[in-house]
Amino acid sequence: QVQLVESGGGLVQAGGSLRLSCAASGRALSLMAMAWFRQAPGKEREFVAGISRNGGYTDYKGSVKGRFTISRDDTKNTVYLQMNSLEPEDTAVYYCTARSTSSWPIRSYDYWGQGTQVTVSS
């Protein structure tokens, strides 16, 4: 069973930066495509960024392109989301997710973390 544990969330002022981490266990990260989703209060969960199993492909929600960067370190079984120029609209619980597949792109994921809160003050 794959377990995902997010960390790095917190409170930051608009314009600031945060780096989220997602540590995977139970299966080698190198076998999985990974992604970050987020859910703001009263809104549906939405895709933020994804990275293919070999790291060769990435995908981003339009509003975060140029501000967020997803990356992976398979030697550490960890995926990252670097978030710069944060805006109050980025406030949400951020979830790490994974799927054991070599396909890309994908929109359906099998494993989810518990989430980490990101709050951006104006």
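Residues: numbered from 1 along the sequence shown.
The distance from atom OG of Ser30 to atom CG of Asp73, rounded to the nearest 0.5 Å, is 11.5 Å. The distance from the CD atom of Glu6 to the CH2 atom of Trp112 is 10.0 Å, given to the nearest 0.5 Å. To the nearest 0.5 Å, atom CD of residue Glu89 and atom OG of residue Ser63 are 9.0 Å apart. Atom CG in Asp74 sits 9.5 Å away from atom CE in Met34 (nearest 0.5 Å).
Pairs of residues two or more places apart, or lying in two chains, that qualify as side-chain hydrogen bond (donor to acceptor under 3.5 Å, both in side chains) and include a residue from residues 8-25 are Ser17-Asn84. Within the structure, salt bridge (Lys or Arg N to Asp or Glu O under 4.0 Å) contacts touching residues 20-40 (residues at least two apart or in different chains) are Arg38-Glu46, Arg38-Asp90.
A continuous path of ILVMFWY side-chain contacts below 4.5 Å connects Val79 to Leu18, so both sit in one hydrophobic cluster. Both Trp36 and Phe68 sit in one connected hydrophobic cluster of ILVMFWY residues. Membership requires side-chain heavy atoms under 4.5 Å apart, directly or through other members. The cluster map of Ile, Leu, Val, Met, Phe, Trp and Tyr, joined by side-chain heavy atoms under 4.5 Å apart, puts Met83 and Val120 in the same cluster.
For Gly115 against Val93, the heavy-atom pair with the smallest separation is CA-CG1, 3.8 Å. Considering every non-hydrogen atom in both Leu4 and Ala24, the closest pair reads CD2-CB, 3.7 Å. For Ala14 against Ser122, the heavy-atom pair with the smallest separation is CB-CA, 4.3 Å. Summarising the geometry of Arg72 relative to Ser52, their closest heavy-atom pair is NH1-O, 2.7 Å, with the distance given to 0.1 Å. The two residues Gln117 and Thr91 have their closest heavy-atom pair at NE2-CG2, 4.1 Å. Residues Arg67 and Ser85 come closest through the heavy atom pair NH1-O, 2.9 Å.
Looking at Tyr111, its side chain never comes within 3.5 Å of a backbone N or O of Gln1 through a donor-acceptor pair. Side-chain atoms of Asp59 do not come within 3.5 Å of backbone N or O of Gly50 as any donor-acceptor pair.
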Check your understanding: Can Ile70 and Tyr60 be said to form a side chain to side chain contact (heavy atoms under 4.5 Å, CB included), step by step?
Key -> CA-CA 9 Å; Ile70 188 171; Tyr60 295 91; 3.5 Å; yes

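Of the options Phe47, Tyr95, Tyr94, a ring pair (Phe, Tyr, Trp, His ring centres under 6.0 Å) to Phe37 is made by Phe47 and by none of the others.
Looking at heavy atoms from C-beta onward, Leu20 lies in side-chain contact with Val118 at the 4.5 angstrom threshold.
Scanning for side-chain contact (heavy atoms from CB on, under 4.5 Å) contacts around Ile106 gives Ala33, Arg99, Thr101, Ser103, Trp104, Tyr109, with sequence neighbours left out.
Residue-environment remark: CD (Gln114) stays at or below the threshold of 12 foreign heavy atoms within 6.0 Å.
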